[in-house]
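Remarks on the structure that follows.
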Amino acid sequence: TAGGVRTRSAYHFQPAKNWQNDPNGPMYHNGLYHFFYQYNPDGVTWGNGNLSWGHSVSVDLVNWFALDAALQPSRSFDANGCWSGSATILPDGSPVMLYTGIDARGDQVQNVAFPKNASDPLLVEWVKPEYNPVIPVPADIKRDDFRDPSTAWLGADGLWRIAVAARVHDVGGATLIYRSKDFLRWERNADPLYLAHAAGMVECPDLFPVSEPGVEVGLPASGAGARHVLKMSVMDTVQDYYVVGRYDDTADTFVPEDDDDCRSWRRLDYGHVYASKSFFDPSKNRRVLWGWANESDSVSDDLVRGWSGVQTVPRKIWLDEDGKQLRQWPVEEIETLRSKRVNLLIPEVNAGGVNEIIGVMGTQADVEVVFEVPALEHADVLEPNWLLDPQSLCGEKGASVPGSVGPFGLLVMASGDMQEHTAVFFRVFRQNDKYKVLMCTDLSRSSTRDGVYKPPYGAFVDMDIEAHGGIISLRTLVSSSSPARRSLNLLALFHSITLVISTDRLTTRLWRASAAGAGRASRRGCTRSTPRTATATCTCSTTGL
Ligand code: FRU
């Protein structure tokens, strides 16, 4: 604790102390989940120069056992840091790691590492062969623009492929493809897998196959023209985006199915999430995604609490029935953390009304709410330019600005006097004869302290609220966090909307601040009976690229 306040998150993966950033090399191996992450063993800041790979194992993605760092700077090819990379499980079942080393000259190079003893279930020790680096920085790429090798996949020609992030000057962010038969000698394909014009550096590429829309598996499939998702972390905006497209494993090119404009890329998440990475989990036939949430404030605050950064709750991801969007849902194992269950039905939430949900005080809650919104026709008319920048709209029309339909939602982490709280809320607008649902998280009141990161987050969710009888369902994981604020660290929009919040004090209230008409809301606590009744998939409106 610090200042008598709980300081650690209960839902999110954290090492015992210090700084962490990107998820690295997640994998399932011989009955264990392995998780590695960018880690500064010496302090609470990023610590350029000594980044290592922290390492933990788990049988259930929920409870973690910490091991010693798997990779630390030690050789000329990684003397200044072991940066992000990925795991590949070879056909004989043994894993191999590819990671970026910052070498003695400061160049970004790609290295390989193997377990010292592949039959050690914990894979504690990793060996970096002498022949590293396996890929030096190419002549046409700047020495600090070349990093983050992906998981390798096998092409029909029997060669392994990896994607590596690079920036091509005056062109944009490139995802390069390298081929190899032995993980030792790698050859670059002349054409990049994908070139993002005007996007700057795109980090941590992740390319994975998606099976038929709506089918909840992420089986590694390939073949010419197979549908894939390319995830890119855009450094300029510090946001993760993805594109659905066709990957040709002969030419090693990726062609987006929608228009090829980075302003129309879909956001993976509408909160504070970056550098995400997925892996295929054969034990449950699913693809699981990890992401980093930079849960930090000022360095002095971070020093007091002794840590910075959390990993988001692992999510299962699959392609929506529309074939365009990823669906996401917290891994089912998270539900094992549910204990006391509270059910509540609130027949009507009046304008300005706040209903405290008694019985969920504590540091952690898994909340499922179903809102029934009557009288949609009263909704305010949407101005078309609002569609371009929903996040600003969430800020301008904060949780306390009344509207015709909404805001309504949850107030979490509320202090007794309500001076501090975080609002998770919706507004419904009318555009011609359609309705648009805006989902926001308002951090502006999450702390009364100054100098704390308190932005609004938000987006229009791609749901037809009318077709769903005016019903919106929301799942919110509330967890303890920093003493500096009562704030959220992740806003995630799922098919049914899911929101993951970090908090240091928990009181959950249902509320509606609407000028006209009364709304109805019912709350189902801690059940998973209806999460899919209101379908809400995220829509993208990208700004600032
Ligand atoms: C993304 C990133 C990666 C890099 C790592 C260094 O957050 O910048 O590109 O490998 O962090 O910690």
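For ligands, and for the atoms within them, numbers begin at 1 and follow the listed sequence. Source: prediction; values computed, not measured.
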**Q.** Aromatic ring pairing F35/Y37, orientation class (parallel under 30°, perpendicular over 60°, tilted between)
**A.** parallel
**Q.** Any N/O pair W83/ligand 1 closer than 3.5 Å
**A.** no
Q) Counting each atom of ligand 1 from 1 as listed, which ones have a heavy atom of L51 under 4.0 Å away? A) 12 (O)
Q) Between D302 and S300, does any side-chain donor sit less than 3.5 Å from a side-chain acceptor? A) no
Q. Is a salt bridge present between K17 and D42, judged by a nitrogen-to-oxygen distance below 4.0 Å?
A. no
Q) At a non-hydrogen distance cut-off of under 4.0 Å, which region of N21 contacts ligand 1 (side chain, backbone, both, or neither)? A) side chain
(Q) Distance under 4.0 Å to a non-hydrogen atom of S84: what atoms of ligand 1 satisfy this? (A) 5 (C), 10 (O)
Q) Of all the atoms in ligand 1, which lie at a distance below 4.0 Å from a heavy atom belonging to W46? A) 6 (C), 12 (O)
Q) Is there a heavy atom of D22 sitting under 4.0 angstrom from any atom of ligand 1? A) yes
Q) In terms of atom number and element, which parts of ligand 1 are under 4.0 angstrom from non-hydrogen atoms of Q38? A) 5 (C), 6 (C), 12 (O)
Q: Would you mind reporting whether D78 and N132 have side-chain heavy atoms less than 4.5 Å apart?
A: no
Q: Classify the angle between the aromatic ring planes of F36 and W53 as parallel (below 30°), tilted (30 to 60°) or perpendicular (above 60°).
A: tilted
Q.
Does ligand 1 come near enough to E203 that some N or O of the ligand is less than 3.5 Å from an N or O of the residue?
A. yes
(Q) So, regarding Y274 and ligand 1 (criterion: nitrogen or oxygen to nitrogen or oxygen, under 3.5 Å), is there a contact or not? (A) no
(Q) Do H12 and Q311 have side chains that approach each other closer than 4.5 Å (heavy atoms only, starting at C-beta)? (A) no
